[in-house]
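Have a look at the structure below, then the notes.
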There are 2 protein chains.
Amino acid sequence: MSEAISNLSRKEQVIRKAAELFKEKGYAAASMRDLAHLLGIEAASLYSHIKSKEEILRSLCFDMAAEFQKSLAEVESKDVTASEKLRNGIIGHIQVMAKDLTASAVFMNEHRHLSQPYLRDFLLMRINYINRFKSIIEQGVKSGEFKDSIDKKLAVMTLFSSLNWMPMWYDPGSAIDPLQLGFQLADMLVNGLKKNA
Amino acid sequence: MSEAISNLSRKEQVIRKAAELFKEKGYAAASMRDLAHLLGIEAASLYSHIKSKEEILRSLCFDMAAEFQKSLAEVESKDVTASEKLRNGIIGHIQVMAKDLTASAVFMNEHRHLSQPYLRDFLLMRINYINRFKSIIEQGVKSGEFKDSIDKKLAVMTLFSSLNWMPMWYDPGSAIDPLQLGFQLADMLVNGLKKNA
DNA sequence: AATTTCAAGTAACGACTGTTAGTTATATAT
DNA sequence: ATATATAACTAACAGTCGTTACTTGAAATT
């Protein structure tokens, strides 16, 4: 038992350091020797803790994916207006990312280096997630809350682009905290920059 | 003379094919042997046309950067309202990307693999470009066109995220053409999703 | 005190990396 | 016909890649 806990703990250290490295240099350009050096050990020693380089990437990508799914499921379960749902979805997504900005960056930028069949599974989960946001937008159009002139694919892709780049520029030490960021981002996408006349 | 033209032409072919490969696999994961294979030649033969792998990346990144700068300079030269300027900037940016979606994707995702001092130069140009968009937003706030409640950094980063991910999902064969896409995107960011009551 | 577990080490493998040196066949220009 | 330029070739380099096999010292458990 204690072996498993302690092993997991060290394995977690390896994975977290790997996330930093993958975020900084990209998965393909990050070598196992780089990672080992950051941890102060030899490259071969990494394999006492992990099965392969890709196992690290898989763990990072799929753990984040599970968090996103969980957050969205909770948002969907509440019976509120589409604007409210969209707003909650945006805030939830941002808060999941804020809990681990490094893993979020890897999730977003490096998932393409997953091999099959993991890549396929990952992309299916992602499409599913996006489509559920798209449904919320469609509900909003149907209920008359949102303009019917907007292209739904464009709207949802714009939304995701904005969300997914956040880990690249957001400074967790900055004045604005993740929750406030979520509020503002939701407001900006729903109401736009323009002052309501 | 004719040597230069013909050489340039073949060099261009190599660079364009490299852009496709870099977009698909990422710069680091794309090998010169992959590229050569796509062109039906041997890896060593590439070096008749280009100096190095990174020269290709440099040429892709800096050529795109020049196009973006040119587009923004023209937008800035016109004396119009801030909303109009922002709108024109967005449309211009999208049209530059649409002219070469592949190079745009490389520009956005792979520039970090530039070595110094090119990386530094690239990032400085990019900061400058972003700050000029930020100025337009600030003008809009000052003139009362835009809300003064918005965080300007958040606004400009959201804008850029939306713009920069477009090459990843936009299908040039789709119903909506780049100009319409620019119109809609500008409208969405300025006016939001919500119907004006 | 003996045994097991953990986290590291050394050495090495086969494959792949970007790149070079030098050569050759083909098309164009003189 | 001769010279030149283009675009390809073969062979090979020094280095790096992820990973395996096996070993070792220290800590925890029995």
Side-chain angles (χ1 to χ4, degrees), chain A residues 1-22 24-61 106 110-116 118-119, chain B residues 1-22 24-61 106 110-116 118-119:
Chain A
M1 290 295 126
S2 70
E3 58 176 85
I5 289 167
S6 137
N7 185 22
L8 197 73
S9 162
R10 184 53 171 161
K11 185 175 180 174
E12 279 283 307
Q13 288 174 42
V14 171
I15 292 174
R16 295 184 79 82
K17 193 60 85 177
E20 292 173 30
L21 182 64
F22 292 173
E24 194 193 303
K25 304 185 69 169
Y27 177 78
S31 79
M32 295 305 271
R33 283 167 181 86
D34 290 339
L35 175 56
H37 185 75
L38 286 174
L39 289 160
I41 62 179
E42 293 297 317
S45 306
L46 292 168
Y47 291 83
S48 304
H49 309 294
I50 49 108
K51 287 195 194 69
S52 67
K53 185 185 181 186
E54 204 193 316
E55 187 208 31
I56 303 177
L57 182 62
R58 277 204 295 273
S59 132
L60 289 167
C61 289
V106 173
E110 311 300 333
H111 68 259
R112 64 167 148 180
H113 295 107
L114 290 168
S115 64
Q116 298 293 6
Y118 305 100
L119 180 58
Chain B
M1 291 291 129
S2 69
E3 59 177 86
I5 289 167
S6 136
N7 186 23
L8 196 74
S9 160
R10 183 55 171 161
K11 185 174 181 176
E12 279 283 306
Q13 287 174 43
V14 171
I15 291 174
R16 295 185 79 82
K17 192 59 88 175
E20 292 173 29
L21 182 64
F22 292 172
E24 194 193 303
K25 304 187 69 171
Y27 177 79
S31 79
M32 295 304 270
R33 284 168 180 84
D34 290 339
L35 175 56
H37 185 75
L38 285 175
L39 291 160
I41 63 179
E42 293 297 316
S45 307
L46 292 167
Y47 291 82
S48 303
H49 307 87
I50 49 107
K51 287 195 195 66
S52 68
K53 186 185 180 185
E54 204 194 316
E55 186 207 33
I56 302 177
L57 181 62
R58 277 203 297 271
S59 131
L60 288 167
C61 289
V106 173
E110 311 300 333
H111 67 260
R112 62 167 149 180
H113 294 107
L114 290 168
S115 64
Q116 299 291 6
Y118 305 101
L119 180 58

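Sequence lines set the chain letters: A, B, ... in the order given, protein chains first and strands last, and positions in each chain run from 1. Computed over heavy atoms, backbone and side chain alike; hydrogens, waters and symmetry mates excluded.
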Integer-rounded Å distance: [N] [atom2] and [X] [atom1]:
X       : N      : atom1 : atom2 : result
A:Ile41 : C:dG9  : CD1   : P     : 6 Å
A:Ile56 : D:dG18 : CD1   : C1'   : 11 Å
A:Glu42 : C:dA8  : CD    : P     : 11 Å
A:Glu55 : D:dT19 : CD    : P     : 10 Å
B:Lys11 : D:dA8  : NZ    : P     : 15 Å
B:Leu46 : D:dC9  : CG    : P     : 9 Å

Between [X] and [Y], which heavy-atom pair has the shortest distance, and what is it?
X        : Y        : answer
A:His111 : A:Leu119 : O-CD1, 3.6 Å
B:His113 : A:Ala29  : NE2-CB, 4.1 Å
A:Glu110 : A:Leu57  : O-CD2, 3.7 Å

Item to complete: Look only at the side chain of A:Tyr27 and the backbone of A:Val106, and say whether a donor-acceptor pair between them is shorter than 3.5 Å.
Response: no
Worksheet item: Looking at B:Glu55 and B:Lys11, does any basic side-chain N land under 4.0 Å from a carboxylate oxygen?
Response: yes
Worksheet item: Is there a donor-acceptor contact under 3.5 Å linking the side chains of A:Gln13 and A:Arg16?
Response: no
Identify the pairs formed between an N or O of the protein and an N or O of nucleotides 18-21 of chain C at a distance under 3.5 Å, and give each distance.
residue : atom : partner : partner atom : Å
C:dG18  : OP1  : B:Ala30 : O            : 3.3
C:dG18  : OP1  : B:Lys53 : NZ           : 3.0
C:dG18  : OP2  : B:Met32 : N            : 2.8
C:dG18  : N7   : B:Arg33 : NH1          : 2.8
C:dG18  : O6   : B:Arg33 : NH2          : 2.9
C:dT19  : OP2  : B:Tyr47 : OH           : 2.4
C:dT19  : OP2  : B:Lys53 : N            : 2.8
C:dT19  : O5'  : B:Tyr47 : OH           : 3.3

